Amino acid sequence: MSIIYQPTGMAREYSPYACNIYIGCSHRCKYCYAPHTLQRNENAYFGKPLPRKDVLRGIEKDLQVQKYDKQILLSFIGDVYCENADNSQTTRDALRLLNAYEAPVAVLTKGVSRALRDLDIFKAFGKRIMVGATLTFMDEEKSKEWESGADLPSQRLSGLKALHDAGIKTFASFEPSLDPIESLKLIHATLADNSVDHYKIGKVNNYKGMDKGVDWTSYIKEALSILREAGKQIYVKSGVRTLVTGIEYLPCEIDPDYYAVRV
């Protein structure tokens, strides 16, 4: 069974390929889909995860069998920079392998402060990598309430800035957008310090009806206006596009692979 796989559905909008190194996470996000998807008890899932059995061997086998010239995302299940049992050493080893085989990689995390420990490896990739953070709240108390084990907003923002200043391509995922007002505040914050290159804009999906009653059209119109004026790379997720009216998109804004990392 391959460790590097082709995601489907909404996940496919994030990357042509993906790789899950850990099964579990310490971030304890209230809206996390993984425990339900994996049919695992939340208390068991939200701990300090161990790396998957033989995951490095599996990654190298996949890399030996196939040449990957399209982006591999780390990861959909479990954050590779959460507070895991091996201090993200397996993440570091996996990145070394991926770089050795010249694979293009994207890393998405809510633990940007931990990710900075691997800045040397990110730099070794050159243009074959981008590193991003999920941004949900500007308000730190709301962040603590919803993502109690993750980096605070200030840590994510400063981490993105450090990565960007080091020459690493950065991206921000605004999915879930639990509060569009908070999302817009975060967009403004990233523009103020020029810390993000690429923006993925979405909504909250199927969590206790929170997406109902939100004026997604106004949110997307404002987000697009701000980001287009700033000349930023943008991708608007299909889930929110279906709820929005009266907006014309550029082809690059609705092509999930347009800004993906390639060889």
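What you are looking at is a predicted structure, and each value in this text was computed from that prediction instead of being measured.
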### Query
Taking atom types as modelled, is there a side-chain donor on D139 or S143 under 3.5 Å from an acceptor on the other?
no
### Summary
Across all chains, not counting sequence neighbours, the side-chain hydrogen bond (donor to acceptor under 3.5 Å, both in side chains) partners of T217 are none
### Message
If we count only N and O atoms by modelled type, under 3.5 Å, do the side chains of Q233 and K200 hold a donor and an acceptor together?
### Response
no
### Query
Under 3.5 Å, is there a donor-acceptor pair between the S195 and T190 side chains?
no
### Query
Strictly by modelled atom types, are D257 and Q71 linked by a side-chain donor-acceptor pair under 3.5 Å?
no
### Task
For S148 and E145, indicate whether the former's side chain and the latter's backbone hold a donor-acceptor pair under 3.5 Å.
no
### Task
Drop me the distance from R28's CZ to C82's SG, to the nearest 0.5 angstrom.
12.0 Å
### V131 vs T170 side-chain heavy atoms within contact, under 4.5 Å
no
### Task
Locate the shortest heavy-atom distance separating G78 from C25; write the atom from each residue and the value.
CA-CB, 4.2 Å
### Query
Is atom NZ of K53 surrounded by more than 12 heavy atoms (other residues, nucleotides or ligands) closer than 6.0 Å?
no
### Query
Is the CG atom of L250 crowded by more than 12 outside heavy atoms at less than 6.0 Å?
yes
### Flag if over 12 foreign heavy atoms under 6.0 Å of CD, E42
no
### Query
So how far is it from T134 OG1 to H27 NE2, rounded to the nearest 0.5 Å?
10.0 Å
### Listed partners of E147 passing side-chain hydrogen bond (donor to acceptor under 3.5 Å, both in side chains), at least two apart
Y31, T136, R156
### Flag, side chain of D62 to backbone of I3, donor-acceptor distance under 3.5 Å
yes
#### Entry: Connected hydrophobic set around Y259, excluding itself, where side chains approach under 4.5 Å
Y258
### Query
Is it true that Y199 and I168 fall in one hydrophobic cluster, defined by side-chain heavy atoms closer than 4.5 Å?
no
### Query
For E141, which residues count as a salt bridge (Lys or Arg N to Asp or Glu O under 4.0 Å) partner, sequence neighbours excluded?
K144
### Task
For Y17 and Q66, work out which heavy atoms get closest and say how close.
OH-NE2, 3.1 Å
#### Entry: Results of salt bridge (Lys or Arg N to Asp or Glu O under 4.0 Å) for K61 - residues two or more places apart only
none
### Task
Could I get the full list of salt bridge (Lys or Arg N to Asp or Glu O under 4.0 Å) partners for D197, not counting sequence neighbours?
none
### Summary
Residues A103 and L63: closest non-hydrogen pair is CB-CD2, 4.3 Å
### Summary
Between S26 and P49, the two heavy atoms sitting closest are N-CD, 4.4 Å
### Task
Check whether more than 12 heavy atoms from other residues, nucleotides or ligands sit under 6.0 Å from atom NZ of K232, and answer yes or no.
yes
### Message
List the residues meeting salt bridge (Lys or Arg N to Asp or Glu O under 4.0 Å) with K110, not counting sequence neighbours, and say none if there are none.
### Response
none
### Task
Measure the shortest side-chain to side-chain distance between K237 and I201 over non-hydrogen atoms and say whether it is less than 4.5 angstrom.
no
### Salt-bridge present (D118, R92; N to O < 4.0 Å)
yes
### Task
Kindly work out whether a path of hydrophobic side-chain contacts (I/L/V/M/F/W/Y, heavy atoms less than 4.5 Å apart) joins L50 to Y22.
no
### Message
What I want to check is whether the side chains of Y68 and E102 have a donor and an acceptor closer together than 3.5 Å.
### Response
no
### Task
Enter the distance from I21:CD1 to T91:OG1 here, rounded to the nearest 0.5 Å.
4.5 Å
### Task
Could you tell me whether K30 atom NZ has more than 12 heavy atoms of other residues or ligands within 6.0 Å of it?
yes
## Note on the structure
Separation between CD1 (I129) and CG (N99), nearest 0.5 Å, reads 8.0 Å
### Query
So does D93 pair up with R96, basic N to acidic O under 4.0 Å?
yes
### same_hphob_cluster(L243, F174) at 4.5 Å side-chain heavy-atom cutoff
yes
### Query
With a 4.5 Å limit on heavy-atom distance, are the side chains of R262 and P104 in contact?
no
### Message
When you compare the side chain of D151 with that of S113, does any pair of heavy atoms fall below 4.5 Å?
### Response
yes
### Task
Starting from Y45, walk the hydrophobic network (Ile, Leu, Val, Met, Phe, Trp, Tyr; side-chain heavy atoms closer than 4.5 Å) and list everyone else you reach, by chain and number.
Y5, Y14, I23, Y33, L38, F46, L73, F76, I77, L108, M130, F171, V261
#### Entry: Spacing of CG belonging to L116 relative to CG belonging to L160, to within rounding of 0.5 Å
9.0 Å
#### Entry: Donor-acceptor pair, side chain of R52 and main chain of N20, under 3.5 angstrom
yes
### Task
Could you tell me whether the side chain of K203 reaches within less than 4.5 Å of the side chain of P176, counting heavy atoms only?
no
### Message
For Q64, I'd like to know if atom CD has over 12 heavy atoms of other residues, nucleotides or ligands within 6.0 Å.
### Response
yes
### Task
Kindly give the heavy-atom pair with the smallest separation between M10 and N205, and that separation in Å.
SD-ND2, 4.1 Å
### Message
Please list all pairs meeting salt bridge (Lys or Arg N to Asp or Glu O under 4.0 Å) that have one or both residues in residues 178-192, counting only residues at least two apart or in different chains.
### Response
K142-D179, E182-K185
### Message
Taking side-chain hydrogen bond (donor to acceptor under 3.5 Å, both in side chains) as the definition, give me every residue that meets it alongside Q6, ordered by chain and number, with sequence neighbours left out.
### Response
none
### Neighbour count above 12 (heavy atom, 6.0 Å) for K70 NZ
no
### Message
E13: which residues meet the side-chain hydrogen bond (donor to acceptor under 3.5 Å, both in side chains) condition with it, sequence neighbours left out?
### Response
Y235, S238
### Common cluster, L95/L163, ILVMFWY with side-chain heavy-atom separation under 4.5 Å
yes
### Task
Ignoring hydrogens and angles, tell me if any N or O in the side chain of E60 forms a donor-acceptor pair with the backbone of R57 under 3.5 Å.
no
### Query
Per the side chain to side chain contact (heavy atoms under 4.5 Å, CB included) rule, which among V244, V214, L184 passes with Y219?
L184
### Gap separating the CG atom of N87 from the OH atom of Y81, nearest 0.5 angstrom
11.0 Å
### Message
With side-chain hydrogen bond (donor to acceptor under 3.5 Å, both in side chains) as the rule and sequence neighbours excluded, what pairs involving residues 240-253 come up?
### Response
R228-E253
### Message
Give me the atom names and distance for the closest heavy-atom approach of G111 to D79.
### Response
N-OD2, 4.0 Å
### Message
Using the rule that Ile, Leu, Val, Met, Phe, Trp and Tyr join whenever any side-chain heavy atoms are under 4.5 Å apart, tell me whether L119 and V196 fall into a single cluster.
### Response
no
